[in-house]
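All values derive from a computational prediction rather than experimental measurement. Only heavy atoms go into these numbers, but all of them, side chains included; no hydrogens, no water, no symmetry mates.
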Amino acid sequence: MAIYHCNISIVSRGKGKSAVAAAAYRSGEKITNEWDGMTHDYTRKRGVVHTEILLPPHAPPSFSDRATLWNSVELYEKAGNAQLAREIDAALPIELSREEQIRLVREYCSSQFVSRGMCVDFAIHDTDSGNPHCHIMLTMRPLDERGAWAAKSKKEYDLDENGERIRLPSGRYKTHKVDLTGWNDKGNALLWRKAWADISNAYLERAGHPERIDHRSNAERGIDELPTVHMGVAACQMEKKGIATEKGELNRNIQKANRLIREIRAQIGKLKEWIGELFKARETAPEQPPQSPGLANLLMKYLSVQREKSRKYSQSWQRQHAADELKTVAKAVNYLSEHGISTLDELDAALSSVSDKAYSIREGMKTAEQRMKELQKLMEYGRNYQTYKPIQDEYRQIRWKGKQEKFAEARRAELTLWDAANRYLHAHLPEGVKTLPISAWEKEYTALKAQREAEYETLKDTRAEVAELQKIRKCVDIALRADQPAQTQSRTKRQEQER
């Protein structure tokens, strides 16, 4: 089914990234980076089914060539920490045909980016693994009317209350940066994510598919469930081969808990609605006593009704039926006694208590699952860091440039994994951490897994409790319906006497 996934990131030279390398990988081409002389050959990459470049009207026609476009970006940006490109990767609805998917991406890019002056290079990947997706690379520097790269921002002096420039202790004047494009505005992320959902849904509707995607989180949509983990290509492929992965196992447990939570919520909702209707009927019948009916009396009434119904059957059937009903009522009476419930009002309060308990368990599970997701990432990147660090060390020790480039091409995958791990750990670990605490992460993950399993069992107990309340409701319903004809006759007699 159609799923929502839309991630926005930056290709930054300061993080060891290259716009040329990224473009070569996504398009499955061989491109040489003129900035550092490295050649990136991904012509053997599988799954690249479509590539396309979209340009604003004032862009040089030569930018229709991928190598020319991204080498122009690389050569213009001089800084070692330059931001070279913005990238968006998004899951494509599998319900759409390939041509519809291409038109979807083309319309999205044209309306959101090309119209604002960005150059767009997009590729669609599909390895027939059920995960078609697109990679959209965007230029981050505007072009002037002559098609030359222009400034992204400018500096302006900060002024004091008298309109004078503010001098710093260093002797320089205080300044601030002014964005000239608006492309880096943080609010764009939400707008672009929403636009992807809106345009995708329009294509699904035109194609006659009922499925829809939503850019909002579960919390924003009012869905109080545990979100699943994004699997990624490697984990998906392993699961398809029947190899269980940590991410797959975590997702299965999350989905199982979500189903249980939905079931409990639905049953509690029905019970609350039923009790509400009984209270409403009691309010509109002034001849009834104001106090809530006794549940024990109603259960006894249920027994007598069932006994009366069984008279038309054989003696043996009557005995068996009576024994079964007695067990049902005995179990209900025991439950009510153990929980101190004797009236419908107290049953309503008990339902609220069960509901609160289920929500409390759910919140605990959400906290545990969120931390488990974090630990999974830390462990994955930590293992990759340790595994591929010797290869990174060997690469750094090579002094001859040609030999270093040859080594990099031969070990590109390992170096890329190490670089990704290094960046993630640097961003998510406190400064000064020299030894990765992988064993501590694994120990914490195991403890959280045990906690989650215990909470799931508690949730199952809650479901059993709600099921018992449903059985009590059934008995009470039958008893109340049996009372109605007698109550009607009693009202009629009173009305005749009053006349």
Side-chain angles (χ1 to χ4, degrees), residues 1-9 11 16-33 38-54 64-67 69-70 85 87-106 108-109 120-138 196 200 229-248 251 380-381 383-384 387-388 391 405-421:
M1 61 177 292
I3 61 168
Y4 184 86
H5 172 73
C6 183
N7 184 62
I8 304 172
S9 59
V11 178
K17 295 292 185 179
S18 156
V20 166
Y25 176 80
R26 280 137 188 79
S27 63
E29 295 182 6
K30 180 180 180 180
I31 308 177
T32 298
N33 189 344
M38 290 187 66
T39 298
H40 305 277
D41 186 357
Y42 292 101
T43 51
R44 289 183 289 180
K45 178 174 173 55
R46 294 174 54 253
V48 181
V49 297
H50 181 83
T51 63
E52 190 170 331
I53 291 177
L54 303 173
S64 295
D65 175 70
R66 185 165 285 105
L69 170 61
W70 295 112
E87 185 182 14
I88 298 175
D89 62 270
L92 291 164
I94 61 174
E95 291 80 5
L96 300 179
S97 67
R98 178 72 69 233
E99 184 56 38
E100 288 169 333
Q101 291 174 345
I102 293 170
R103 290 204 307 270
L104 162 61
V105 180
R106 191 181 292 142
Y108 175 67
C109 292
V120 177
D121 180 6
F122 77 83
I124 292 178
H125 294 180
D126 190 356
T127 57
D128 296 324
S129 60
N131 182 35
H133 57 280
C134 64
H135 292 274
I136 302 168
M137 288 184 64
L138 310 169
W196 177 255
S200 297
V229 182
H230 179 63
M231 290 283 287
V233 178
C236 283
Q237 289 175 344
M238 290 177 70
E239 290 282 340
K240 278 200 163 190
K241 293 176 182 176
I243 303 170
T245 63
E246 283 184 356
K247 288 181 179 178
N251 273 348
E380 178 185 352
Y381 284 115
R383 290 163 187 156
N384 284 350
T387 301
Y388 302 116
I391 297 170
E405 289 174 359
K406 188 176 180 181
F407 181 89
E409 283 301 314
R411 312 303 293 270
R412 175 64 56 195
E414 294 96 326
L415 290 171
T416 301
L417 287 169
W418 181 88
D419 182 62

Does the pair D89 and H5 meet the rule for a side chain to side chain donor-acceptor pair (under 3.5 Å), with working shown? CA-CA 8 Å; D89 62 270; H5 172 73; 3.0 Å; yes
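- Considering only heavy atoms from C-beta on, P132 stays 4.5 Å or farther from I124 through its side chain.
- At least one side-chain heavy atom of K17 sits less than 4.5 Å from a side-chain heavy atom of D419.
- Within the 4.5 Å cutoff, side-chain heavy atoms of W196 are placed close to those of L104.
- The CE atom of M38 sits 14.0 Å away from the NZ atom of K406 when rounded to the nearest 0.5 Å.
- Nearest heavy-atom pair, V120 versus C109, reported as atom, atom and distance to 0.1 Å: CG1-SG, 3.6 Å.
- Between atom NE2 of residue H133 and atom NE2 of residue H135 there is a gap of 3.5 Å, rounded to the nearest 0.5 Å.
- By the salt bridge (charged side-chain N to carboxylate O under 4.0 Å, His left out) test, E409 pairs with R412, sequence neighbours left out.
- Between A67 and I31, the shortest heavy-atom contact is CB-CG2, 3.7 Å.
- The side chain to side chain donor-acceptor pair (under 3.5 Å) check on E414 picks up R411, with sequence neighbours excluded.
- Here T51 pairs with nothing under the side chain to side chain donor-acceptor pair (under 3.5 Å) rule; sequence neighbours left out.
- Open room surrounds OH on Y25; 12 or fewer heavy atoms of other groups in view lie less than 6.0 Å from it.
- Ring-plane geometry between H40 and Y42 is classed as parallel, the angle between the planes falling under 30 degrees on a 0 to 90 degree scale with a further cut at 60.
- Here the straight-line distance linking atom CG of N384 with atom OG1 of T416 works out to 11.5 Å at 0.5 Å rounding.
- To the nearest 0.5 angstrom, F122 atom CZ is 12.5 Å from S27 atom OG.
- Scanning both residues, A408 and L415, for their nearest heavy atoms gives CA-CD1, 3.8 Å.
- In terms of the side chain to side chain donor-acceptor pair (under 3.5 Å) criterion, residue partners of T39 (sequence neighbours excluded) are, by chain and number, T32.
- For D126, the side chain to side chain donor-acceptor pair (under 3.5 Å) partners two or more places apart in sequence, or in a different chain, are R98.
- Atom-to-atom distance recorded for C134:SG and R106:CZ is 12.5 Å, nearest 0.5 angstrom.
- Taking every heavy atom of both residues into account, T127 and R46 meet most closely at CG2-O, 4.2 Å.
- Proximity of Y108 to I88: side-chain heavy atoms (C-beta onward) are separated by under 4.5 Å at one or more points.
- Side chain of N7 to main chain of S9: no donor-acceptor pair is present (N/O by atom type, distance under 3.5 Å, no hydrogens or angles).
- Residues D121 and W70 meet the side-chain proximity criterion, which asks for heavy atoms closer than 4.5 Å.
- For the atom pair CG (L54) and CD1 (I136), the distance works out to 9.5 Å, reported to the nearest 0.5 Å.
- Between H50 and Q101 the shortest side-chain heavy-atom distance does not fall below 4.5 Å.
- Nearest heavy-atom pair, N33 versus S18, reported as atom, atom and distance to 0.1 Å: ND2-OG, 3.2 Å.
- Between V105 and L92, some side-chain heavy-atom pair lies under the 4.5 Å cut-off.
- Residues satisfying the salt bridge (charged side-chain N to carboxylate O under 4.0 Å, His left out) criterion with E100, sequence neighbours excluded, are absent altogether.
- The shortest side-chain heavy-atom distance between R66 and M137 does not fall under the 4.5 Å cut-off.
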